[in-house]
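Down below is the structure, laid out as structure tokens.
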Amino acid sequence: MYYYLSIGTNIAPELNAVRITSALCQRFGVVIGFPFIYTEPIGIESEHRFLNSLAVVESAKGPDEVKLVTNLIETSLGRDREASDCSLVDRVADIDIVTYSEILDFSLFLSSRESYVSSLLTVEPSRYVDLSQYGLPSTDGPTAINFNAGSGNIVVIEQEGYGLKNRHVSALKR
């Protein structure tokens, strides 16, 4: 099953964007990651912009189990999910399941009610945030990546946006 995730952070966002990506790779293996963009907070009072992205992971786990994994990632990075206002305050990590499917089709992200999700699919590359100084490769579209536990680095496996966009899923099978 493919899980379509939205990712966000507005506390030390550049560092935590890389930490979230690394944690997803550690838990799920290969991740198709989209470039990150800055967005203004919606639904919370904050002076801190969010750094948001999208990701696709593949898992044999059911949706509830995958949500438990993403919640564990959030708490391992410092989010207090037990706080009654955890969805209304600044956060180090926010990972939501947008949808899931047996097929890889990026247009499924459009089912999200979050306005930034659809904009991430159509945003001008000039708005992409370069996180290469933090260890996340700079990309120009969806990129298959993995976390190399031996070196502690994030590794680009396939950056052929055309192939990924046209449902060539070989990158997830590596």
Side-chain angles (χ1 to χ4, degrees), residues 1-39 41-44 46 48-101 104 106 108-109 111-114 116-117 120 128-129 131-137 139 142-157 164 171-174:
M1 184 78 63
Y2 295 102
Y3 289 89
Y4 298 78
L5 310 175
S6 65
I7 301 168
T9 174
N10 74 335
I11 297 175
E14 296 82 4
L15 176 62
N16 282 313
V18 175
R19 292 173 69 205
I20 292 167
T21 304
S22 294
L24 287 171
C25 289
Q26 288 173 343
R27 301 295 197 302
F28 294 103
V30 176
V31 173
I32 295 177
F34 285 68
F36 281 84
I37 65 168
Y38 286 110
T39 64
I42 298 173
I44 71 168
S46 178
H48 306 286
R49 293 185 302 172
F50 274 84
L51 199 48
N52 289 109
S53 185
L54 304 172
V56 178
V57 298
E58 186 176 22
S59 177
K61 297 177 188 290
D64 292 339
E65 293 173 288
V66 170
K67 185 59 184 168
L68 284 174
V69 171
T70 60
N71 286 353
L72 284 171
I73 291 171
E74 291 174 358
T75 56
S76 73
L77 296 176
R79 183 170 183 188
D80 181 4
R81 294 199 53 84
E82 299 298 317
S84 61
D85 64 347
C86 78
S87 65
L88 302 173
V89 297
D90 295 329
R91 58 202 75 152
V92 295
D94 186 18
I95 307 168
D96 294 318
I97 298 174
V98 173
T99 192
Y100 51 92
S101 174
L104 182 63
F106 298 149
L108 293 175
F109 278 115
S111 67
S112 174
R113 292 187 190 117
E114 299 291 340
Y116 74 86
V117 172
L120 279 162
Y128 296 163
V129 177
L131 297 173
S132 58
Q133 68 181 336
Y134 297 92
L136 192 63
T139 66
T143 303
I145 57 176
N146 197 353
F147 182 79
N148 183 332
S151 69
N153 294 322
I154 293 174
V155 178
V156 171
I157 295 174
L164 291 172
L172 285 175
K173 303 293 184 192
R174 291 185 184 169

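Remember, it's a predicted structure, so these values are computed and weren't measured experimentally.
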- [ ] Determine, stepwise, if the pair Glu74 / Ile95 fulfils side chain to side chain contact (heavy atoms under 4.5 Å, CB included).
- [x] CA-CA 7 Å; Glu74 291 174 358; Ile95 307 168; 3.8 Å; yes
For a quick test of reading the model, state the closest non-hydrogen atom pair linking [X] to [Y] and the distance between them.
X: Leu131; Y: Ala17; result: CD1-CB, 3.9 Å
X: Val98; Y: Leu108; result: CG1-O, 4.4 Å
X: Ser53; Y: Phe34; result: OG-O, 2.6 Å
X: Pro35; Y: Leu120; result: O-CD2, 3.8 Å
X: Ile73; Y: Arg27; result: CD1-CG, 3.8 Å
X: Phe109; Y: Ala55; result: CZ-O, 3.5 Å

Would you give the length of the straight line joining atom [atom1] of [X] to atom [atom2] of [Y], rounded to the nearest 0.5 angstrom?
X: Leu24; Y: Thr70; atom1: CG; atom2: OG1; value: 8.0 Å
X: Leu77; Y: Ile11; atom1: CG; atom2: CD1; value: 11.0 Å
X: Asn16; Y: Ser22; atom1: CG; atom2: OG; value: 10.5 Å

- [ ] Take Thr21 and Phe36 through the test side chain to side chain contact (heavy atoms under 4.5 Å, CB included) and record every step on the way to the result.
- [x] CA-CA 11 Å; Thr21 304; Phe36 281 84; 3.8 Å; yes
TODO: Flag the pair Ile97 / Leu5 as yes when at least one side-chain heavy-atom distance between them is below 4.5 Å, and no otherwise.
DONE: yes
TODO: List for me each residue that meets ring pair (Phe, Tyr, Trp, His ring centres under 6.0 Å) alongside Tyr128, sequence neighbours excluded, and say none if there are none.
DONE: none
TODO: Would you please name every residue forming a ring pair (Phe, Tyr, Trp, His ring centres under 6.0 Å) with Tyr134, sequence neighbours left out?
DONE: none
Open item on the list: Angle between ring planes, Tyr3 versus Tyr100, binned at 30° and 60°: parallel, tilted or perpendicular?
Closed with: tilted
Open item on the list: Lys67 vs Asp96, test: side chain to side chain contact (heavy atoms under 4.5 Å, CB included). Steps then yes/no.
Closed with: CA-CA 8 Å; Lys67 185 59 184 168; Asp96 294 318; 3.7 Å; yes
Task: Intermediate values then yes/no, side chain to side chain contact (heavy atoms under 4.5 Å, CB included), Arg91 and Phe50 - done: CA-CA 9 Å; Arg91 58 202 75 152; Phe50 274 84; 4.1 Å; yes
Open item on the list: Could you check whether any side-chain N or O of Asp94 sits under 3.5 Å from a backbone N or O of Thr9, counting only pairs where one atom can act as donor and the other as acceptor?
Closed with: no
Open item on the list: Using modelled atom types and a 3.5 Å cut-off, is there a donor and acceptor pairing between side-chain atoms of Ser101 and backbone atoms of Tyr2?
Closed with: no
Task: Contacts of type side-chain hydrogen bond (donor to acceptor under 3.5 Å, both in side chains), residue Ser132, not counting sequence neighbours - done: Asp130
